[in-house]
Amino acid sequence: MNAAISTNATPQPTPNAATTPLAGISPVMQEVFRLIERVGPTEASVLLTGESGSGKELAAKSIHDASPRRNGPFIAINCGAIPAGLIEAELFGFEKGSFTGAVRAHAGVFERGEGGTLLLDEITEMPLDMQTRLLRVLETKKFYRVGANTELSTDVRVIAATNRCPLQAVQSGQLREDLLYRLAVFPVNLPALRERGNDVDLLADRFLDELNAQGATQKRFTSLSRMTLRQHSWPGNVRELKNCIERAYILGDQWLELAPLIQKASADKSASADDRDRLDIRVGSRIYDMERSLIEATLEYFQGNKRRAADALGCSLKTLYNKLNGYAQRRANGFAQSRVNGYPQSQECASS
């Protein structure tokens, strides 16, 4: 098995997580490792599912590292973080002069990822019209830059990821059914941290070892923190665990106390939840700004589910998409005019 995956029967301290992005001794994680070992050397499209923070991007990187493409680029983009009006240019690139502010040609990720692997994170957040174009690229391996007449070829392995149930996304109109079956040739589900048993101790020790190595310290968990590690449900999964340990490391002199940080985070979350269904509008605000704020707040309340948001707003799903595309176009126009060096490179998304 590739060194990017840890399958030791007993926990081993690892000073550098970059060489082992996934770790676990639980049966559910051993199954994940087995699937990655099987699919890594192939060219099959992979669909990674799992809760936010469960390690989907790390799994995608492990698949890449276990493949013949390991020496090629690994590029991850978050489809939900790119405005609808800009995602085409980010995926396929554009020619100089194709829109205002395009002062030079730009290669999209299907060009920059040539010979490597492309992770499309939060695939259910991609606009439906772009899903249609993506399906064609996956089937033909050809695409056009924005503003170009010449068709280009691409040699990229695509891995998709989502924290939603793919079948529910199809039923709600967020994901094309034909695209789902094209992407889910080989599905892999990343288990939640609460399902992984003693992996929480393994991961906690690993994160603390890394911090101690970086800071030349020898900090340790208290016995209460050890109990907290096992008792907390970790709804934010591995990402929450890592962030909590880093905060405790910064605050602790020699011993790390996790319980107070978790209690405070839970209290802050409860207070935030009480305010989730309210929106403050300043008197004299423009109708356009009020409408946009209401739509965006409603989408956030329903965690990006556009159909539920449309139902709550009393409009059709098509109307909601038109509104969102209009907002994205305004942002895109202002964004392009504010840049003199052309379209910026997207940043790789955080661990999914």
Side-chain angles (χ1 to χ4, degrees), residues 4-5 21-24 28-29 31-40 42-67 69-70 72-82 87 90-91 108-110 112-113 116-128 130-131 134-135 137-138 156-170 172 174-193 195-196 235-240 242 303-306 346-352:
I5 307 170
L22 281 179
V28 288
M29 283 305 295
E31 175 63 12
V32 170
F33 297 146
R34 186 185 72 81
L35 294 175
I36 290 175
E37 183 180 29
R38 287 286 187 176
V39 77
T42 74
E43 286 293 310
S45 298
V46 179
L47 178 63
L48 300 170
T49 58
E51 297 179 5
S52 294
S54 58
K56 294 187 291 296
E57 183 173 347
L58 295 180
K61 182 63 167 60
S62 295
I63 292 171
H64 170 75
D65 290 342
S67 76
R69 296 175 176 269
R70 66 179 65 89
F74 174 81
I75 299 177
I77 65 169
N78 189 323
C79 298
I82 304 174
I87 191 168
E90 176 59 16
L91 289 176
V109 292
F110 274 96
R112 303 202 304 271
T117 304
L118 172 61
L119 170 62
L120 299 177
D121 198 10
E122 302 306 338
I123 187 65
T124 57
E125 303 306 311
M126 179 180 288
L128 289 174
M130 287 307 305
Q131 292 184 26
L134 174 62
L135 180 62
V137 174
L138 294 177
V156 173
R157 182 186 192 177
V158 172
I159 298 175
T162 179
N163 60 10
R164 304 184 186 279
C165 171
L167 293 178
Q168 290 181 1
V170 169
S172 65
Q174 292 179 280
L175 181 65
R176 288 180 58 100
E177 185 175 17
D178 48 4
L179 179 60
L180 169 62
Y181 291 121
R182 183 62 181 78
L183 292 171
V185 173
F186 196 90
V188 178
N189 182 67
L190 275 296
L193 184 56
E195 302 169 353
R196 295 176 54 181
N237 293 295
V238 180
R239 184 184 297 123
E240 179 190 3
K242 184 174 184 178
Q303 298 181 323
N305 189 314
K306 296 179 178 65
S346 70
Q347 295 183 353
E348 294 187 2
C349 61
S351 302
S352 297

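The structure presented is a predicted model; accordingly, all values stated were derived computationally and were not measured.
- Residues L134 and F110 are in side-chain contact: their nearest non-hydrogen atoms beyond the backbone lie under 4.5 Å apart.
- From R196, atom CZ reaches atom CE of M29 across 4.0 Å, with rounding to the nearest 0.5 Å.
- Contact check for K56 versus V188: no side-chain heavy atoms found under the 4.5 Å cut-off.
- Note that CG of L190 is 9.5 Å distant from CG of N237, once rounded to the nearest 0.5 Å.
- Between T42 and V39, the shortest heavy-atom distance links the atoms OG1-O, 2.7 Å.
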- request: Could you go through the side chain to side chain contact (heavy atoms under 4.5 Å, CB included) check for L135 and Y181 one step at a time?
  value: CA-CA 10 Å; L135 180 62; Y181 291 121; over 6 Å; no
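- With rounding to the nearest 0.5 Å, the separation of CD in E57 from CG in N78 is 9.5 Å.
- Residues that satisfy the salt bridge (Lys or Arg N to Asp or Glu O under 4.0 Å) test with R164, not counting sequence neighbours, are E125.
- Taking 4.5 Å as the limit, every side-chain heavy atom of F74 sits out of range of all side-chain heavy atoms of D65.
- Between L91 and M130, the closest heavy-atom pair is CD1-CE, 3.8 Å.
- Without hydrogens or angle criteria, Q174 side chain to Q168 main chain gives no donor-acceptor distance under 3.5 Å.
- The two residues S54 and P191 come nearest to each other via the heavy atoms CB-O, 3.8 Å.
- Looking only at side-chain heavy atoms (C-beta outward), P166 and T49 come within less than 4.5 Å of each other.
- The only member of I63, T162, N189 that meets side-chain contact (heavy atoms from CB on, under 4.5 Å) when paired with L48 is I63.
- Heavy-atom contacts from other residues, nucleotides or ligands closer than 6.0 Å to NZ of K242 number 12 or fewer.
- For the residue pair C79 and E122, the shortest heavy atom distance occurs at CB-O, 3.4 Å.
- The two atoms that bring G55 and L22 nearest to each other are O-CD2, 4.1 Å, heavy atoms only.
- Contact record, V156 with G113: CG2-O, 3.3 Å, taken as the closest heavy-atom pair.
- With a 4.5 Å cut-off on side-chain heavy atoms, V109 and R112 count as touching.
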- request: Test side chain to side chain contact (heavy atoms under 4.5 Å, CB included) on L180 and L167 and set out the steps.
  value: CA-CA 8 Å; L180 169 62; L167 293 178; 3.9 Å; yes
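- Salt-bridge annotation for R34 and E37: absent, with no side-chain N of the basic residue lying under 4.0 Å from a carboxylate O of the acidic one.
- Atom CG of residue L47 and atom CG of residue L120 lie 10.5 Å apart, to the nearest 0.5 angstrom.
- Under the 4.5 Å side-chain criterion, counting only non-hydrogen atoms from C-beta, V46 is not in contact with I36.
- To the nearest 0.5 Å, atoms CZ (R69) and CD (E43) are separated by 4.0 Å.
- Formation of a donor-acceptor pair under 3.5 Å by the H64 side chain with backbone atoms of G72 is found in this model.
- One finds the CE atom of M126 at 12.5 Å from the CZ atom of R176 (value rounded to the nearest 0.5 Å).
- For R182, the side-chain hydrogen bond (donor to acceptor under 3.5 Å, both in side chains) test picks out S45, with sequence neighbours left out.
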